[in-house]
Amino acid sequence: MTDKARLDGQVALVTGAGGGIGRAIAIEFARAGADVAIAEVIPERCEEAAARVRELGRRALGCVVDMMAAEAIVELVNRVDAEFGRIDILVNNAGGTSCRPFLQQNETNWKRIIDLNLMSMLRATHAVAPIMIREGRGGAIINVASIEAQRAAPFFAVYAACKAGMVSFTHTMALELGEYGIRVNAMAPDHTVSPGSRGNRFGPVDESKWFTHTPAEAEAMRQLIPIGRQGVDVECGDAAVFLASAMSAYITGVVLPVDGGTSASSGWLRLPEGGWTLNQGLRIAPLPDPNRAKPLK
């Protein structure tokens, strides 16, 4: 690892860090030299992730916290500050949703999704940024959004709206906090293997209980994702290390897709026989073999 990717001496707070992308980010931060505070609502997952950080020789603080509770977030940040005396990196990763048409939801459903995905980010940033300013070393805030922030998302309307708000907030905070040396960026994952995406939403992370895709589902993923496979959580962890480290010292206010190319494909699907098709059914023939292509006249 290049020295610019090191996070030695820094303290990171990662929300929703007990499984999936958040857990991978916490572990990769520790591998890069940071001490890590784990915020997670499921106790077993919180302690397991903290133990992994300690195995890598870094200090860990496991905090069981409901990121939908405003007072709990303030208490969380105060506890991390008291334990480590600083916070250099904040990752707003806590989030989640359910698949349901908008008209089948009600205000209670909306509020839960908004509190978890949007309000938790606002509250954590509001509590952590003054600590970064107080310490005078700058900092990095990373908001884990989604490519759903920038496209239609049937059955996930409120979730996608929250992620769009997260992207807008990222842009604005990059301006407001830039003078303090605080960089604010977002990541936009798409299809990433995680406990939640494999049916392990509650209790300890147990890969033996995860469902697997059928061959037809795996082929559908291959057609959907230009790289041809789902992402793995550590790839988001690597992206977060980049955004938190000196490697991105002059980068702020950006949204980094970590999606295997799905945001770039914009609805194009790979055809089994080669080439691509739009969802609307427009077919584009495969490119000719370059070895047999005729030169232009």
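This one's a predicted model, so the numbers in the text were calculated from it and none came from an experiment.
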Inset, instruction - Report the distance from atom CG of Asp190 to atom OG1 of Thr262, rounding to the nearest 0.5 Å. - result: 3.5 Å

Legend entry - Gly260 versus Pro226, closest heavy-atom pair with distance: O-CD, 3.4 Å

Legend entry - side chain to side chain contact (heavy atoms under 4.5 Å, CB included) against Ala239, all qualifying residues, sequence neighbours excluded: Met187, Leu256, Val258

Legend entry - N/O donor-acceptor pair under 3.5 Å between Asp35 side chain and Ala60 backbone: no

Inset, instruction - Could you list the residues that satisfy ring pair (Phe, Tyr, Trp, His ring centres under 6.0 Å) with Phe102, not counting sequence neighbours? - result: Trp110

Inset, instruction - Would you check if Val128 and Leu13 make a side-chain contact, meaning some heavy-atom pair closer than 4.5 Å? - result: yes

Inset, instruction - Please confirm whether the backbone N or O of Gly165 pairs with a side-chain atom of Ser168, one donor and one acceptor, at under 3.5 Å? - result: no

Legend entry - Spacing of CD1 belonging to Ile133 relative to CD1 belonging to Ile182, to within rounding of 0.5 Å: 4.5 Å

Inset, instruction - Hey, could you give me each pair passing side-chain hydrogen bond (donor to acceptor under 3.5 Å, both in side chains) that has a residue in residues 241-257? Not counting sequence neighbours. - result: Arg183-Ser248

Without placing hydrogens or testing angles, list every side-chain donor-acceptor pair under 3.5 Å for residues 136-143, not counting sequence neighbours.
unit_1 : atom_1 : unit_2 : atom_2 : d
Arg137 : NH2    : Glu135 : OE1    : 3.0
Asn143 : OD1    : Asn92  : ND2    : 2.8
Asn143 : ND2    : Thr170 : OG1    : 2.9

Inset, instruction - Just grab all the side-chain hydrogen bond (donor to acceptor under 3.5 Å, both in side chains) pairs involving residues 146-158, residues at least two apart or on different chains. - result: Glu148-Arg151

Legend entry - Sequence-distant partners of Pro101, side chain to side chain contact (heavy atoms under 4.5 Å, CB included), two or more places apart: Gln104, Phe155

Inset, instruction - Salt-bridge test for Arg52 and Glu47: reply yes if a basic N is under 4.0 Å from a carboxylate O, no otherwise. - result: no

Inset, instruction - Could you name each residue pair satisfying side-chain hydrogen bond (donor to acceptor under 3.5 Å, both in side chains) that touches residues 76-87, not counting sequence neighbours? - result: Asp81-Arg134, Arg86-Asp88

Legend entry - Atom pair CE/CG of Met67 and Asn117 - distance to nearest 0.5 Å: 11.0 Å

Legend entry - Test item: Arg270 side-chain N/O and Ile225 main-chain N/O as donor-acceptor pair under 3.5 Å: yes

Inset, instruction - Any salt bridge (Lys or Arg N to Asp or Glu O under 4.0 Å) involving residues 95-111? Give me the pairs, sequence neighbours left out, ordered by first then second residue. - result: Lys111-Asp115

Inset, instruction - With sequence neighbours excluded, tell me which residues meet side chain to side chain contact (heavy atoms under 4.5 Å, CB included) with Asn106. - result: Thr108, Asn109

Inset, instruction - Taking Glu40 for its side chain and Cys46 for its backbone only, find out whether a donor-acceptor pair lies under 3.5 Å. - result: no

Legend entry - By side chain to side chain contact (heavy atoms under 4.5 Å, CB included) - contacts of Ala72 (at least two apart): Val65, Ala69

Inset, instruction - Write down the atom of Ile113, the atom of Gly96, and the distance for their closest heavy-atom approach. - result: CG2-O, 4.4 Å

Legend entry - Separation of Leu224 CG from Ser265 OG (nearest 0.5 Å): 6.5 Å

Inset, instruction - Please confirm whether the backbone N or O of Asn93 pairs with a side-chain atom of Thr15, one donor and one acceptor, at under 3.5 Å? - result: yes

Inset, instruction - Run the salt-bridge test on Arg229 and Glu219 with the 4.0 Å N-O cut-off and return the result as yes or no. - result: no

Legend entry - Non-hydrogen side-chain atoms of Leu61 and Ile38 separated by less than 4.5 Å: no

Legend entry - Heavy atoms from other residues, nucleotides or ligands near CZ of Arg59 exceed 12 (cutoff 6.0 Å): yes

What pairs of donor and acceptor atoms, side-chain ones from residues 157-164 against any protein atom, are under 3.5 angstrom apart with sequence neighbours left out?
unit_1 : atom_1 : unit_2 : atom_2 : d
Lys163 : NZ     : Val144 : O      : 3.0

Legend entry - Residues Glu48 and Arg23 bridged, charged N to O under 4.0 Å: yes

Legend entry - Point-to-point distance, once rounded to the nearest 0.5 Å, from NE2 of His171 to CG of Asn185: 9.0 Å

Legend entry - Min side-chain heavy-atom separation His126-Arg123 under 4.5 Å: no

Inset, instruction - Mark yes or no for whether Arg58, through its side chain, and Gly33, through its backbone, hold a donor-acceptor pair below 3.5 Å. - result: yes

Legend entry - Partners passing salt bridge (Lys or Arg N to Asp or Glu O under 4.0 Å) against Glu176 (at least two apart in sequence or in another chain): none

Inset, instruction - Find out whether Val80 and Ile131 are in side-chain contact, i.e. whether some heavy atom of one side chain is under 4.5 Å from a heavy atom of the other. - result: no

Legend entry - Gap between atom SG of Cys236 and atom CD1 of Ile21 - 0.5 Å precision: 4.0 Å

Legend entry - Note, Val184 side chain near Phe169 side chain (heavy atom, < 4.5 Å): no

Inset, instruction - May I have the step-by-step check of side-chain contact (heavy atoms from CB on, under 4.5 Å) for Val193 and Asp233, ending in yes or no? - result: CA-CA 6 Å; Val193 177; Asp233 54 12; over 6 Å; no

Legend entry - Test item: Met68 and Met119 side chains (from C-beta on) under 4.5 Å apart, heavy atoms: no

